[in-house]
Novice: 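Structure incoming, see below.
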Amino acid sequence: MKNIRAKYFIAFVLVTVILSSCVPKKKFAELSAQKTQCEFQNEQLNNKNRILEDNISNKEMSINDLEKSISDLKSDTASFGRMIRKKDNDYQLLKQSYKMMTQKTHKRISSKEKEILDLQTNLLKSKAKVKEREKDLLALAKDLDIQKKNLDKLKDEYIDSKTKLEKSQVLLNEKEKKLINLQNILNTQDSTVRALNDRVSKAFYGYKDKGLKVELKNGKVYVSLDEKLLFATGSTNVNSEGKEALKKLSKILEKDTNISVLVEGHTDDIPYTSTQGAIKDNWDLSVLRATTVVRIIIKNGDINPQRIIPAGRGPYVPIEDKMTKEARAKNRRIEIILTPKLNELFKMIEMN
């Protein structure tokens, strides 16, 4: 009985040693559990051995069974050993592979961390640039808003200016038309004056050397008659040659009804002395001579008296300022100023 127990104990110890030396921790835990289970079984066997002490014959049969079980257990233990060694080899290979993968992973993590740091740095720079860009955009938006307001203001001013310009253009066109009409009237007046000058010059062509001069100036025709052609010294009576000249002028004025006539009497600066009580001075003499000429013109032509104005200028509008005999003779004269009527021109001026 003791030999059987010894054999069982040796087998148990052998299995335990084999399992503890060959099996990894995890497997060792499993085998420890199995060991615990075996101990439990051993206790049961001990109980059975105590019972078998009372029944040796039955126990011998049980011993044979146990020996067979031990043989099977040894076989299983050897199989488990081979499997454990294979698993351990696989574990070592897996551990080596894990180490290599861990190293590669660390390298990749380090690389990625560096990339992340670079990205974070670039991101911070980009954020700074974005903030600066936002400031620029805000400033630009503010500037654009100011420019838009200025543009709207300019647009309004442009519309106002355009409206004013259009109105001004209308007024300008109207003024241009009026100016053209005015120029046409002036051209017509100029043509009329030149034609009148030509007619009067032709009519008095033979009087050039007799003290009669026809001159065109300031848009008017001036007919100047020296005293010697019309009057005796200090007289207001026109001689026959002077009357003939005035008759010719009367016929010209009779045909041209658009001519206004101003007859001016002029004297020299020598004070007038005469026994005739009606004439007091040179001024009176100049006026009376002018009215005498006007009467002769009206008498010898169908002329409306409203067209003719007599005036006396006395010695106050001389041709020559010298105190010589010749200069004073030039100053003693009758000037007949022929002016085209400017009614149309005056109307346009009043309208403007």
Novice: Which pairs, with at least one residue in residues 290-340 and sequence neighbours excluded, count as a ring pair (Phe, Tyr, Trp, His ring centres under 6.0 Å)?
Specialist: Trp283-Tyr316
Novice: Knowing that exactly one of Arg108, Lys114, Glu115, Lys107 qualifies, which makes a side chain to side chain contact (heavy atoms under 4.5 Å, CB included) with Ser111?
Specialist: Glu115
Novice: Give a yes or no on whether Ile252 and Tyr207 share a hydrophobic cluster (residues Ile, Leu, Val, Met, Phe, Trp, Tyr; joining criterion: side-chain heavy atoms under 4.5 Å apart).
Specialist: yes
Novice: Determine, for Tyr205 and Lys202, whether the Lys NZ or Arg CZ falls below 6.0 Å from the six-membered ring centre while staying within 45 degrees of the axis.
Specialist: no
Novice: Begin with the C-alpha distance, continue with both residues' side-chain angles, and end with the deciding distance and a verdict on side-chain contact (heavy atoms from CB on, under 4.5 Å) for Ile309 and Val263.
Specialist: CA-CA 6 Å; Ile309 301 173; Val263 179; over 6 Å; no
Novice: Can Asp152 and Lys148 be counted as an ion pair, charged N to O under 4.0 angstrom?
Specialist: yes
Novice: If you measure from the Lys or Arg side-chain nitrogens to the Asp or Glu carboxylate oxygens, is any gap between Glu166 and Lys164 under 4.0 Å?
Specialist: no
Novice: Closest heavy-atom contact between Asn239 and Gly242?
Specialist: OD1-N, 2.8 Å
Novice: Considering residues at least two apart in sequence or located in another chain, which fulfil the side-chain contact (heavy atoms from CB on, under 4.5 Å) criterion with Lys217?
Specialist: Glu215, Tyr222
Novice: Does a side-chain N-to-carboxylate-O contact under 4.0 Å join Lys213 and Asp226?
Specialist: no
Novice: Can you confirm whether Thr292 sits close enough to Asn237 that some side-chain heavy atom of one is under 4.5 Å from a side-chain heavy atom of the other?
Specialist: no
Novice: Rounded to the nearest 0.5 Å, how far apart are CG of Asn300 and CD of Glu244?
Specialist: 8.5 Å
Novice: Indicate yes or no: at least one non-hydrogen side-chain atom of Ile336 is less than 4.5 angstrom from one of Leu246.
Specialist: yes
Novice: Given Arg332, which of Asn282, Thr267, Asp268 fulfils the side-chain hydrogen bond (donor to acceptor under 3.5 Å, both in side chains) condition?
Specialist: Asp268
Novice: Do Leu338 and Lys220 touch side chain to side chain, with heavy atoms closer than 4.5 Å?
Specialist: no
Novice: Check this for me, if you would: do Lys131 and Glu134 make a salt bridge, where the nitrogen-to-carboxylate-oxygen distance has to be below 4.0 angstrom?
Specialist: no
Novice: If two hydrophobic side chains count as joined below 4.5 Å and joins carry through other members, does Ile337 share a cluster with Ile259?
Specialist: no
Novice: For side-chain contact (heavy atoms from CB on, under 4.5 Å), just list the numbers for Val238 and Ile296, CA-CA rounded to whole Å, side-chain angles, deciding distance to a tenth of an Å, and then say yes or no.
Specialist: CA-CA 9 Å; Val238 178; Ile296 294 172; 3.5 Å; yes
Novice: Can a salt bridge be assigned to the pair Arg289 and Glu227 using a cut-off of 4.0 Å between side-chain N and carboxylate O?
Specialist: yes
Novice: With a 4.0 Å cut-off, would you call Asp198 and Arg194 a salt bridge?
Specialist: no
Novice: When you look at Arg333 and Ser224, which way does the side-chain contact (heavy atoms from CB on, under 4.5 Å) test go after all the steps?
Specialist: CA-CA 7 Å; Arg333 69 199 185 277; Ser224 180; 3.9 Å; yes
Novice: At their closest point, which heavy atom of Leu262 faces which heavy atom of Glu264, and how far apart are they?
Specialist: CD2-OE2, 3.4 Å
Novice: Any chance you could measure Ser97, atom OG, to Lys95, atom NZ, to the nearest 0.5 Å?
Specialist: 13.0 Å
